Amino acid sequence: MKKLFLITAVIFSLGLGGLAAQEDTDANQASVPAEENPSNKSFFSSIDFLLQFTPAVYINPESTLVSAPSPIIYPLGIGFLFPKAARFAIQPTLSFFMMYHLWYDGKALPAEIENRTSQTISFLLDIPAVFQIFASEKSRFQVQAGAALLMRFGILAGGVKESDSGYTGSAGSDMDEINSWFWQNARFLYFSLGGSWLYTFTDHLKAGPTMNIYLPAGFFASGEGAQAMIISLGLKLCL
């Protein structure tokens with residue numbers, strides 16, 4: 001129930017953000033002739049569709065004697081920017097990546113392939129507000145901040161059986177603990193910060209570097225420090 005309430009609240013905030021951004025755009029374009037006003041165009045003409053490839057470091061401060069060093073992950077993301085020409089906009093983005101986990105001393109920790117228990121399927125839904133700085137006709141900077149949900153679902157990794165030995169007695173019971181841990185103490189809730197620079201190559205292509213930091217709410221809620229913090233640097237394409 002708590003997860004459903006949180007997801008509903010985020011979607012509701014997204015709707016409010018979109019309305020606020022649209023009002024800002026309408027106010028800025030009030031003096032534009034009717035035939036040139038973007039508000040007279042289709043809804044999709046106000047959207048930039050996004051593709052992102054953002055290799056990232058998944059921070060793991062625990063000892064490498066019991067878990068993996070902070071692993072590199074390779075999220076692939078899709079999303080959109082609306083309104084694309086406004087100074088203030090929203091940019092919902094959904095990214096996907098996979099990694100390994102193990103269970104140790106009450107925590108789900110990143111694992112190397114030889115010590116893995118869980119193959120973790122991860123979806124990161126980021127919903128930031130974006131402030132755009134138009135440096136020139138072809139160049140813009142974007143600064144963003146918002147909330148994100150990291151939805152993780154662990155399954156037994158290939159070659160691992162439920163009856164195999166585990167920290168809690170078996171790999172199967174370790175899996176139960178891992179999946180429960182992902183959703184406890186607001187570990188699925190993140191705060192996001194980021195920045196991008198985009199260059200307009202054509203009317204239908206803008207591209208440039210993007211950097212994002214995802215700070216888990218567990219940093220504050222459970223005193224786990226930077227565990228599961230994500231820092232990414234990659235490429236953003238706007239189509």
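Since this is a predicted model, take the numbers as computed values, not measurements. Side-chain atoms are counted along with the backbone in the values below, which use heavy atoms only and exclude waters and symmetry mates.
- In terms of heavy atoms, Gly208 sits closest to Leu198 at N-CD2, 3.8 Å.
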Report the C-alpha distance between Gln132 and Arg87 in whole Å, list the side-chain angles of each, state the deciding distance to 0.1 Å, and finish with yes or no for side chain to side chain donor-acceptor pair (under 3.5 Å). CA-CA 5 Å; Gln132 301 196 97; Arg87 190 171 297 277; over 6 Å; no
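- Closest heavy-atom contact between Thr210 and Asn212: OG1-ND2, 3.5 Å.
- Atom-to-atom distance recorded for Thr54:OG1 and Ile73:CD1 is 8.0 Å, nearest 0.5 angstrom.
- Under the 30°/60° scheme for interplanar angles, the aromatic rings of Phe201 and Tyr199 are found to stand perpendicular.
- How far CD of Glu162 is from CG of Asp174: 11.5 Å, rounded to the nearest 0.5 Å.
- Taking hydrophobic clusters as Ile, Leu, Val, Met, Phe, Trp and Tyr residues chained together by side-chain heavy-atom distances below 4.5 Å, Ile78 does not share a cluster with Phe97.
- The aromatic rings of Tyr74 and Phe53 sit parallel to each other, their planes meeting at less than 30°, with 60° as the upper class boundary.
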Full working for side chain to side chain donor-acceptor pair (under 3.5 Å) between Ser70 and Asn60: CA-CA 5 Å; Ser70 297; Asn60 176 32; 5.7 Å; no
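- Contact of the Ile59 side chain with the Ile230 side chain is not registered, since no non-hydrogen atoms from C-beta on lie closer than 4.5 Å.
- Enclosure of atom CD in Glu114 by more than 12 non-hydrogen atoms of other residues, nucleotides or ligands within 6.0 angstrom is indicated.
- Taking the ring pair (Phe, Tyr, Trp, His ring centres under 6.0 Å) definition, one finds that Phe96 meets it with Phe123, sequence neighbours left out.
- Taking the ring centroids of Phe80 and Phe49, they lie at or beyond the 6.0 Å cut-off.
- The cluster map of Ile, Leu, Val, Met, Phe, Trp and Tyr, joined by side-chain heavy atoms under 4.5 Å apart, puts Met229 and Tyr190 in different clusters.
- Minimum heavy-atom separation, Ala89 to Leu81: CB-CD1, 3.7 Å.
- Met175 is listed as a side-chain neighbour of Thr117, based on a closest heavy-atom distance under 4.5 Å.
- In terms of heavy atoms, Ser95 sits closest to Pro75 at CB-CB, 4.1 Å.
- Closest approach of Ala228 to Tyr58, counting heavy atoms only: CB-OH, 3.4 Å.
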Check the pair Gln142, Lys236 against side chain to side chain donor-acceptor pair (under 3.5 Å), reporting the backbone distance first and the verdict last. CA-CA 11 Å; Gln142 297 174 326; Lys236 176 191 289 187; 2.9 Å; yes
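- The distance between the ring centers of Tyr214 and Phe191 does not fall below 6.0 angstrom.
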Output, in order, the C-alpha distance, side-chain angles, deciding distance and verdict of side chain to side chain donor-acceptor pair (under 3.5 Å) for Ser170 and Ser173. CA-CA 5 Å; Ser170 70; Ser173 59; 3.2 Å; yes
